[in-house]
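A short worksheet on the structure shown next.
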Amino acid sequence: MDREAREILASIEGKELSAKERAQIPHQDMPVQDPGERIRNMSEVALGYTEAEALVEASRCLQCKTKPCVQGCPVGIDIPSFIHKITQKDWKGAMDVIQESSLLPSICGRVCPQENQCQKFCTVGKMKKDIDEAVAIGRLERYVADRQADEAALPAIPAPTGKRVAVVGSGPAAIACAADVRRAGHDVTVFEALHKLGGVLSYGIPEFRLPKRIVDKEIAKLEGMGIRFERNVLIGRTRTIRELMEDDGYDAVFVASGAGLPKFMNIPGENYISVFSANEYLTRSNLMKAYDGEHALTPYFHSHKVAVFGGGNVAMDAARTALRLGAETVDIVYRRTRDEMPARREEVEHAIEEGCNLRTLSQPVEIIGDENGAVKGVRIRRCELGEPDASGRRSPVEIPGSDFTVEYDTVIVAIGNASNPLIKKTTPEIETNRRGNFIVDEETNETSMKGVYAGGDIVLGAATVILAMGQGRKAAAAINDYLASK
Ligand code: FAD
Ligand code: SF4
Ligand code: SF4
């Protein structure tokens with residue numbers, strides 16, 4: 001593919017191309033590990049563009065004056081501008097443009113649901129009436145960020161202001177907020193309940209989609225900026241928010257504790273042995289390295305036939321992890337059709353290429369156990385699509401009398417996560433909605449408790465990395481204003 005890209009590049013270099021000619025330049029696929037090979041390792045599936053592929057893909061951009069793609073990016077990266085800099089081979093300039101809006105481009109370039117965000121609005125995709133033909137903005141962002149990863153200097157930190165900020169959690173919302181508050185000269189301490197930093201980026205999203213060295217590098221940058229990290233501290237239990245402010249002297253607190261409480265189906269049989277929440281399953285594998293049997297002590301369940309309930313990114317990650325841990329059959333059981341699946345399209349495609357089966361229009365209604373209390377199978381009811389629901393997707397309607405049973409020895413439930421109730425319980429001053437998410441001021445992300453801000457999944461419900469990061473930055477700007485006036 002690199003050779004083809006170099007040939008295309010040689011044929012267009014130095015030419016003035018019309019919009020039509022640009023749109024005819026072939027879309028550059030992402031090189032990936034071979035499916036047969038990759039299910040035997042945990043290494044990253046998508047290998048990243050070569051320089052020639054990035055230059056060809058960038059040359060497909062029409063530099064639209066109205067920048068429709070920018071409307072689709074939750075943090076408003078100036079996409080045409082960074083792509084133009086790529087075509088000029090101005091890698092530093094491209095990175096500077098991206099970093100004006102995004103602090104985690106290596107991560108977002110990999111995991112953003114681009115087909116529903118920036119790329120959805122791309123003129124090239126629209127001209128060709130095919131979203132796959134849109135300029136591959138996320139891949140280009142990843143290329144620039146990876147290429148410049150070791151080049152960026154740490155930002156200068158002004159003289160200490162004497163103000164102290166506590167950040168709860170260490171996921172993308174926390175990372176973004178901590179960095180921007182520290183850049184204003186305030187002292188920042190991050191409190192993380194787990195022994196490893198990074199939130200879902202570390203414990204949820206598997207290595208084969210997001211290598212942990214990239215997350216570790218972001219954390220190392222924050223440490224280099226003088227941000228302190230306290231691991232194994234559960235705020236709400238070890239210290240409450242009130243204690244942080246009244247006893248420990250923090251002037252402001254940012255809560256980014258995420259949505260880590262797994263939801264279950266509430267169907268019979270969910271207590272059988274070998275029924276896992278996707279959170280537990282993925283945490284064992286990612287954080288406690290259960291997959292690395294030769295070196296890690298964490299046990300994992302040796303499955304043969306696995307059913308994964310759900311159709312989002314979490315379900316795809318759990319299914320693809322189960323394959324890599326040696327399962328022979330993995331069925332993704334989902335009550336709507338593939339078109340309604342909330343997972344990133346690329347993840348669904350990769351799961352299928354690797355051998356996962358999609359069992360769509362299927363609603364699990366009972367988990368069946370054997371005499372030892374272990375999973376033996378799942379009773380499934382067929383569904384059909386009805387009218388659209390509040391999410392705009394057509395809702396599944398169960399077909400009476402259509403039940404059938406499939407043998408499985410493992411069930412992984414991946415139907416979503418709710419917010420962790422601990423901080424809410426120990427800080428009644430913070431108002432929450434009926435789902436337990438913190439209610440915040442839309443402009444500042446301040447909660448109902450003075451000086452306490454919140455952002456990311458604890459506010460939005462289970463959302464995305466880029467939205468969490470955007471909220472962290474918004475809250476940081478408000479915290480910096482608050483501390484300046486305090
Ligand atoms: P989190 O990343 O959840 O971090 C919260 C942190 O707070 C955790 O480290 C937790 O241990 C810590 N914490 C919780 N309570 C306390 C406490 N009381 N005291 C101290 N620390 C505490 N999004 C995408 O955009 N693309 C994807 O492909 C994608 N895939 C996903 C795959 C999986 C398996 C999962 C679970 C989520 C995925 N998401 C994806 C969603 C995305 O990861 C989240 O929206 C994002 O991480 C939320 O960031 P956050 O900072 O709000 O919280
Ligand atoms: Fe697209 Fe995400 Fe990058 Fe924004 S941050 S340009 S939505 S890939
Ligand atoms: Fe380029 Fe597409 Fe954005 Fe137009 S919409 S500027 S073609 S990325």
Side-chain angles (χ1 to χ4, degrees), residues 75 92 95-96 98-108 145 148-199 201-202 212-235 238-239 241 243-258 445 451-456 465 468-486:
V75 295
K92 180 181 177 305
M95 184 69 167
D96 288 346
I98 295 170
Q99 283 197 316
E100 276 166 27
S101 314
S102 172
L103 290 179
L104 303 170
S106 286
I107 295 172
C108 294
Q148 293 301 106
D150 296 322
E151 305 299 322
L154 290 178
I157 308 294
T161 60
K163 302 275 168 43
R164 300 174 67 217
V165 177
V167 173
V168 182
S170 62
I175 290 175
C177 181
D180 281 357
V181 169
R182 180 70 190 128
R183 278 197 231 194
H186 306 306
D187 178 281
V188 181
T189 306
V190 173
F191 296 97
E192 167 56 53
L194 296 173
H195 63 282
K196 175 97 182 142
L197 304 168
L201 307 177
S202 289
K212 300 309 153 213
R213 65 181 154 77
I214 292 172
V215 183
D216 294 345
K217 211 172 215 170
E218 294 302 335
I219 302 284
K221 250 193 245 165
L222 298 188
E223 281 175 328
M225 288 165 63
I227 293 169
R228 268 190 301 278
F229 289 91
E230 294 208 16
R231 299 161 174 85
N232 304 311
V233 178
L234 185 62
I235 298 300
T238 322
R239 305 292 288 151
I241 302 274
E243 285 167 345
L244 286 176
M245 299 184 87
E246 289 171 9
D247 303 343
D248 302 344
Y250 286 98
D251 299 283
V253 177
F254 177 64
V255 182
S257 49
N445 273 47
V452 179
Y453 298 73
V465 173
M469 192 202 75
Q471 288 231 314
R473 297 204 82 181
K474 183 150 62 116
I479 291 172
N480 291 339
D481 285 348
Y482 169 67
L483 294 181
S485 67
K486 200 176 169 207

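Position 1 is the first residue of the sequence; numbering continues from there.
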Exercise for review: Start with the C-alpha distance between Thr238 and Phe191, add both sets of side-chain angles, then the distance that settles side chain to side chain contact (heavy atoms under 4.5 Å, CB included), and finish with yes or no.
Suggested key: CA-CA 10 Å; Thr238 322; Phe191 296 97; over 6 Å; no

**Study point:** Ser202 side-chain N/O to Leu197 backbone N/O, donor-acceptor pair under 3.5 Å
**Key:** yes

Check your understanding: Are side-chain heavy atoms of Ile107 and Val465 found at a separation under 4.5 Å?
Key -> yes

Point to revise | Non-hydrogen side-chain atoms of Cys177 and Ile479 separated by less than 4.5 Å | key: yes

Check your understanding: Can you list the steps and then say if Val165 with Leu483 is a side chain to side chain contact (heavy atoms under 4.5 Å, CB included)?
Key -> CA-CA 9 Å; Val165 177; Leu483 294 181; 3.5 Å; yes

Review point. Mind checking whether Ile227 and Lys221 have side chains closer than 4.5 Å, heavy atoms only?
Key: no

Check your understanding: Got Asp251 and His186 here, is their nearest side-chain heavy-atom distance under 4.5 Å?
Key -> no

Check your understanding: Considering all heavy atoms of both residues, which atom of Pro158 and which atom of Ala184 are nearest to each other, and what is their separation?
Key -> CG-C, 3.7 Å

Exercise for review: Give a yes or no on whether the backbone of Asp248 and the side-chain of Arg164 come within a donor-acceptor separation of less than 3.5 Å.
Suggested key: yes

Study note, to complete from the structure: To the nearest 0.5 Å, atom OG1 of Thr189 lies from atom CD of Glu230 at 6.5 Å

Point to revise | Main-chain N/O of Tyr482 paired with Ser485 side-chain donor or acceptor, under 3.5 Å | key: yes

Revision key, fill the gap. In short, side-chain hydrogen bond (donor to acceptor under 3.5 Å, both in side chains) pairs touching residues 167-180 with sequence neighbours left out are Ser170-Glu192, Asp180-Arg473

Exercise for review: Using a 4.5 Å cut-off on heavy atoms from C-beta on, say whether the side chain of Val181 contacts that of Phe254.
Suggested key: no

Study note, to complete from the structure: Between Val75 and Gly470, the two heavy atoms sitting closest are CG1-CA, 3.9 Å

Exercise for review: Measure across Ala454 and Asn445 and return the closest heavy-atom pair with its distance rounded to 0.1 Å.
Suggested key: O-ND2, 2.8 Å

Practice item. Start with the C-alpha distance between Asp216 and Lys196, add both sets of side-chain angles, then the distance that settles side chain to side chain contact (heavy atoms under 4.5 Å, CB included), and finish with yes or no. Key: CA-CA 10 Å; Asp216 294 345; Lys196 175 97 182 142; 3.0 Å; yes

Point to revise | Leu194 side, atom CG; Arg231 side, atom CZ - distance, nearest 0.5 Å | key: 11.0 Å

**Study point:** Note, Leu104 side chain near Pro172 side chain (heavy atom, < 4.5 Å)
**Key:** yes

Check your understanding: Taking Asp187 for the side chain and Lys163 for the main chain, is one N or O donor matched with an acceptor at less than 3.5 Å?
Key -> no

**Study point:** Full working for side chain to side chain contact (heavy atoms under 4.5 Å, CB included) between Ile241 and Val255
**Key:** CA-CA 9 Å; Ile241 302 274; Val255 182; 3.8 Å; yes

Check your understanding: Looking at side-chain heavy atoms only, is the closest gap between Arg182 and Leu222 below 4.5 Å?
Key -> no

Check your understanding: Considering all heavy atoms of both residues, which atom of Lys217 and which atom of Ala149 are nearest to each other, and what is their separation?
Key -> NZ-CB, 4.1 Å

**Study point:** Lys212 (side chain) donor-acceptor with Leu201 (main chain) under 3.5 angstrom
**Key:** yes

Point to revise | Val215 to Gly198 - nearest heavy-atom pair and separation | key: CG1-CA, 4.1 Å

Practice item. Locate the shortest heavy-atom distance separating Ala256 from Ala174; write the atom from each residue and the value. Key: CB-N, 3.8 Å

Review point. Are side-chain heavy atoms of Glu218 and Leu103 found at a separation under 4.5 Å?
Key: no

